[in-house]
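Have a look at the structure below before the remarks.
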Number of protein chains: 2
Amino acid sequence: MRSEAELTKLFREGGKKITPQRQCIFRILQDNQTHPSAEAIFDAARLEMDSISLKTVYQTLNELVEIGEILSLDFGTGAFRFDPNNSAHHHLICTKCGQIRDLQLANLVPELPSELAQGFRVSKAEVTYRGICVRCDN
Amino acid sequence: MRSEAELTKLFREGGKKITPQRQCIFRILQDNQTHPSAEAIFDAARLEMDSISLKTVYQTLNELVEIGEILSLDFGTGAFRFDPNNSAHHHLICTKCGQIRDLQLANLVPELPSELAQGFRVSKAEVTYRGICVRCDN
DNA sequence: TGTTTGTCAACAATCTTTGTTATTTACTAT
DNA sequence: ATAGTAAATAACAAAGATTGTTGACAAACA
C-alpha cells in the first residue's frame, strides 16, 4: 500500500474526496501487519474519531481493495481480513491463536501443470499454511 | 467420506442417533463434487423431505466436519462450502462462474522451509488456484 | 412396549456486511 | 474568501449466513 500522500493523489484523481475519516484509516493501515478485520480497524479509528461509523470504514476499505491498494482475505474466521501488503505473497496461520503472518515466497509458488488444470486458464495461486506458532507451542 | 453404512456405525458409536434427515444428508453428500453450500444441501434435501429445517442441515454438517468426514471450506463467497473429499487435496476456482474443482496434487504441495516458517510448526498447506474455466473462457 | 435421551422443526438471535437517506463536508470555480 | 455542487458521512435499517433455545417427537435399547 502506498503512502498517505500518494493515496491522497490517487483518490483525488479518481474523483474521490479526502476526509479526516479516510486519512485516519490510511494511517491505521500503513505498515499494519496484523491483518485486521473491519471491526478492528473501526475500533482503532474510534480512538481518534469517536463519531466515525463502521459503514465508513467498510466503504473506504472497499475502495482501497477496488484500486488494488490493499487485499481483502477470507480465512474462514467469520470476517474478512485486510492486508496493506498488496504484493504477491502467501499466509501462515496459527490454528490456536488465529494470528496471520505474511509469507514472501516468490520461488516456492507451485506452478500448476496444464494437464492438471482441467482446462482452466490459471491466473493466481494462493498458499495457506496452517500450524502452531512459537508462543502457542508448549 | 465413508459410506452411509459406515457413517451409521460411526454415529451410533459416538452416541448419536440415525434419523431419516441425517441419512438424506449423507446421501446428498456421497460422491458430491459440487462443493455445495449448506443452503444448496438444504434445497436438495427438501426435495425428499419437505419439512427438514436448515438448522438440522447445519447441525449434521458440523458433526460430519467434527469427525473429519467432510471438509468445510471458505473461499470468500459468502457461505461455507462442504467437500466430502476429505483426503489431502487442493482447489481450482473459476473467478467468473464460481465453480470449484478438487485438485489431487500430492507431489506439488510446497514444503515450507523452516527458515521461512517464523517458528511455526506447520501441519497443513492448502493451495487455491484461481482462473477462468473452459466454459467461461470465450 | 415403555423409557430414556438425543434430535427435530420452529423461531429468535447474532454477526458481518450492505442498502438508504438526510445532513454535512470537501473541492472547484468564481 | 465565498458560494455552488457533488460526494461522504452518520444513523439506521436490512440482508444473508450461522447459531442459540425450546418443547414436541422419535430412535435406540432393554
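Just so it is clear, the values below take in all heavy atoms, side chains as well, and ignore hydrogens, waters and symmetry mates. Letters A, B, ... mirror the listed sequences (proteins, then strands); counts begin at 1.
Note on A:Q59: every side-chain N or O is 4.0 Å or more away from OP1 and OP2 of C:dT17. Contact check, B:Y58 against D:dT19: no side-chain N or O comes under 4.0 Å of OP1 or OP2. In this model, the phosphate group of C:dT7 is not approached by any side-chain N or O of B:T19 to a distance below 4.0 Å at OP1 or OP2. The side chain of A:T56 contributes an N or O atom lying less than 4.0 Å from OP1 or OP2 of D:dA10. Phosphate contact (OP1/OP2 of D:dA17, side-chain N/O of B:S37, threshold under 4.0 Å): absent.
In this structure, B:H89 and B:H91 have perpendicular ring planes: the angle between them is above 60°, well past the 30° mark.
The interatomic distance linking B:Q23 (CD) with C:dT7 (C1') rounds to 13 Å, in whole Å. Residue A:E39 contributes atom CD, which lies 13 Å from atom C1' of C:dT14 at whole-angstrom precision. The distance between atom CG of B:N62 and atom C1' of D:dG20, rounded to the nearest whole Å, is 13 Å. Going from atom CZ of B:F42 over to atom P of D:dG16 covers 15 Å, rounded to whole Å. The CE-P distance, from A:M49 to D:dA8, rounds to 15 Å in whole Å. When the C1' atom of C:dT7 is taken as reference, atom CD1 of B:I18 falls 11 Å away, rounded to whole Å. We find that CD of A:E13 is positioned 20 Å from P of C:dA26, with the value rounded to whole Å. A straight line from NZ of B:K55 to P of D:dA17 spans 17 Å, rounded to a whole angstrom.
Ring centroid separation for the pair B:H90 and B:Y129 does not come in under the 6.0 Å cut-off.
Out of C:dA26, D:dA8, C:dA9, the shortest distance to the side chain of A:P20 is found at C:dA26. Listed nucleotides D:dA10, C:dA9, C:dT25 differ in distance to B:S51; the shortest reach to its side chain belongs to C:dA9.
Taking every heavy atom of residues 66-84 of chain B and every atom of DNA chain D, pairs under 4.0 Å involve B:G78, B:A79, B:F80, by number.
Along DNA chain D, the nucleotide closest to B:T8 and the one closest to B:A38 are compared, and the more 5′ of them pairs with B:A38.
For A:Q30, the CD atom counts as densely surrounded, since its 6.0 Å shell holds more than 12 non-hydrogen atoms of other residues, nucleotides or ligands.
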Residues A:S87, A:Q104; criterion side chain to side chain donor-acceptor pair (under 3.5 Å); working and verdict: CA-CA 9 Å; A:S87 66; A:Q104 231 71 37; 2.9 Å; yes
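A:I52 comes within contact range of the sugar-phosphate backbone alone, with a heavy-atom separation under 4.0 Å but no base atom that close.
With a 4.5 Å cut-off on side-chain heavy atoms, A:D74 and A:R81 do not count as touching. By the 4.5 Å heavy-atom criterion applied to side chains, A:F26 and A:T60 are counted as neighbours. The side-chain heavy atoms of A:L29 and A:E69, taken from C-beta on, include no pair separated by under 4.5 Å.
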